[in-house]
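Since we're looking at a predicted model, the values are computed, not measured.
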Amino acid sequence: MVLTLLVAFLAVLGYILDYFIDKQKHRNLYKWIAVLGGILSLVVIGVNHLRQEQQIKDWGKSLYKITKQNDSLLSQNDSLEVRMKDVSEKLQPFVQIATRSYPALNEEEALTKLVTDISRTLEQMQPKLTLLTEKTELRKDNNSLFHTIYFFDSQYPVSLRNISIEMKFDGTVLRAEYKINGAFVIEQGSKMLIENDKRGFIFVTGLLTVGNEIVIEVISKKQLNLISKRLSP
């Protein structure tokens, strides 16, 4: 840009000298201006040529980068298509089962229904400990202490292992006692731990066989309300 302006300035200067000044008296000045203008013109042409070459190189690099990105996207798309085909082939048996089981539904709805039913069945198959709230007992002894008795067993007809019962109340627990009822009882590391604040306990045992139940009796000076419980499994 600067060189272009300088060449233009020399051209204007030459015109001014040619118009206002005698050529014969300033012949050497004209020569120097012409030579300098020619050199600067060549320099401008060379610089512009180099700039154009650099722009072409930059465009080439950008085009190469875009081409590589496009190739990568095409490769990812091909890989995704292969995976989708593989998943579709693996799902085909389930689709056939779903459409046979639910003929009134379209393929997608039938498959969704099948997944829901399988999930529900698997959930029901998992062993779970449950509190039998309908059997909870409350009585008061001759010392005016309250005895609250809780019953637990397996929600499904399966044995349970690594049992943990954690209960918290709105008042102080004096003590808590446990026993396991049933025709065949196996004691595996059973223990009761009263928490530090005396407002709850944790009971653990190793095994509860089918047909057995855990009975926990909580003794307190006043009637307690259960505020939280955590059962496992």
Side-chain angles (χ1 to χ4, degrees), residues 87 90-102 105 109-233:
V87 171
K90 291 180 178 179
L91 281 177
Q92 195 58 38
F94 296 97
V95 173
Q96 293 174 355
I97 295 173
T99 52
R100 286 199 303 266
S101 301
Y102 314 104
L105 303 177
E109 292 173 342
L111 190 59
T112 301
K113 175 68 174 172
L114 179 64
V115 171
T116 301
D117 290 347
I118 291 175
S119 300
R120 185 180 297 111
T121 301
L122 291 175
E123 182 180 357
Q124 292 176 352
M125 291 174 63
Q126 298 300 315
K128 291 185 179 180
L129 186 69
T130 183
L131 169 62
L132 306 175
T133 54
E134 71 279 2
K135 293 183 66 174
T136 301
E137 298 179 6
L138 176 64
R139 59 183 175 84
K140 194 174 183 180
D141 63 17
N142 295 331
N143 296 319
S144 298
L145 296 178
F146 289 88
H147 296 247
T148 309
I149 305 171
Y150 300 95
F151 296 83
F152 304 85
D153 73 356
S154 175
Q155 183 174 351
Y156 304 109
V158 291
S159 298
L160 303 179
R161 296 183 181 275
N162 300 321
I163 295 166
S164 173
I165 301 173
E166 180 180 354
M167 303 181 76
K168 293 184 179 294
F169 305 92
D170 62 351
T172 302
V173 174
L174 296 179
R175 65 181 186 274
E177 301 172 352
Y178 73 89
K179 63 179 179 178
I180 300 177
N181 291 336
F184 183 66
V185 177
I186 300 177
E187 292 275 349
Q188 289 189 352
S190 300
K191 62 181 179 180
M192 177 74 71
L193 175 65
I194 303 295
E195 295 189 342
N196 294 332
D197 60 2
K198 308 295 184 182
R199 291 179 174 267
F201 66 85
I202 298 176
F203 169 76
V204 296
T205 189
L207 176 66
L208 183 68
T209 60
V210 177
N212 296 122
E213 65 180 7
I214 300 171
V215 182
I216 296 180
E217 183 175 351
V218 179
I219 298 95
S220 58
K221 290 184 178 180
K222 68 172 186 176
Q223 182 176 347
L224 300 178
N225 295 310
L226 179 65
I227 58 176
S228 70
K229 69 177 186 295
R230 184 181 301 171
L231 310 179
S232 179

Minimum heavy-atom distance [X]-[Y], with the two atoms named:
X      : Y      : result
Ser164 : Ile202 : OG-CG2, 4.3 Å
Ile163 : Leu207 : CD1-C, 4.2 Å
Ser154 : Leu208 : N-CD2, 4.2 Å
Asp153 : Leu129 : O-CD1, 3.5 Å
Val173 : Arg199 : CG2-C, 4.2 Å

Please identify each residue that fulfils salt bridge (Lys or Arg N to Asp or Glu O under 4.0 Å) with [X], with sequence neighbours left out.
X      : value
Glu195 : Lys168
Lys198 : none
Arg161 : none

task: Answer whether the closest heavy-atom distance between the side chains of Glu109 and Lys113 falls below 4.5 Å.
output: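 Side chain of Glu109 against side chain of Lys113, heavy atoms only: no contact under 4.5 Å found.
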- request: For residues 210-233, pull every pair meeting ring-ring contact (aromatic ring centres under 6.0 Å, His included), keeping only residues two or more places apart or in separate chains.
  value: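 Of all non-adjacent pairs touching residues 210-233, none passes ring-ring contact (aromatic ring centres under 6.0 Å, His included).
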query: So Glu177 and Arg175, salt bridge (Lys or Arg N to Asp or Glu O under 4.0 Å) or not? Walk me through it.
result: CA-CA 7 Å; Glu177 301 172 352; Arg175 65 181 186 274; 3.1 Å; yes
Per-pair distances, 0.1 Å, donor-acceptor, side chain in residues 224-233, under 3.5 Å, sequence neighbours excluded:
| from | atom 1 | to | atom 2 | distance (Å) |
| --- | --- | --- | --- | --- |
| Asn225 | ND2 | Asp170 | OD2 | 3.0 |

query: Got a sec, which residues hit side chain to side chain contact (heavy atoms under 4.5 Å, CB included) with Val210, two or more places apart in sequence or on another chain?
result: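 Val210 satisfies side chain to side chain contact (heavy atoms under 4.5 Å, CB included) with Ser159 only.
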query: With sequence neighbours excluded, what pairs up with Ser101 under the side chain to side chain contact (heavy atoms under 4.5 Å, CB included) test?
result: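 Listed in chain order: Ile97.
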Which residues pass the side-chain hydrogen bond (donor to acceptor under 3.5 Å, both in side chains) test with [X], not counting sequence neighbours?
X      : value
Tyr102 : Asp117
Glu166 : none
Thr205 : Ser190

Per-pair distances, 0.1 Å, donor-acceptor, side chain in residues 134-144, under 3.5 Å, sequence neighbours excluded:
| from | atom 1 | to | atom 2 | distance (Å) |
| --- | --- | --- | --- | --- |
| Lys135 | NZ | Glu213 | OE1 | 3.2 |
| Lys135 | NZ | Glu213 | OE2 | 3.4 |
| Thr136 | OG1 | Thr133 | O | 3.3 |
| Arg139 | NH2 | Glu217 | OE2 | 3.3 |
| Asp141 | OD1 | Asn143 | N | 2.9 |
| Asp141 | OD1 | Ser144 | N | 3.1 |
| Asp141 | OD1 | Leu145 | N | 2.8 |
| Asp141 | OD2 | His147 | NE2 | 2.7 |

- prompt: So Ile216 and Phe201, side-chain contact (heavy atoms from CB on, under 4.5 Å) or not? Walk me through it.
  reply: CA-CA 10 Å; Ile216 296 180; Phe201 66 85; 3.7 Å; yes
- request: Only counting residues at least two apart or in another chain, list the ones meeting ring-ring contact (aromatic ring centres under 6.0 Å, His included) with Phe203.
  value: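 Listed in chain order: Tyr178.
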field: Gap separating the CD atom of Gln96 from the CG atom of Leu114, nearest 0.5 angstrom
entry: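 If we round to the nearest 0.5 Å, Gln96:CD and Leu114:CG are 12.0 Å apart.
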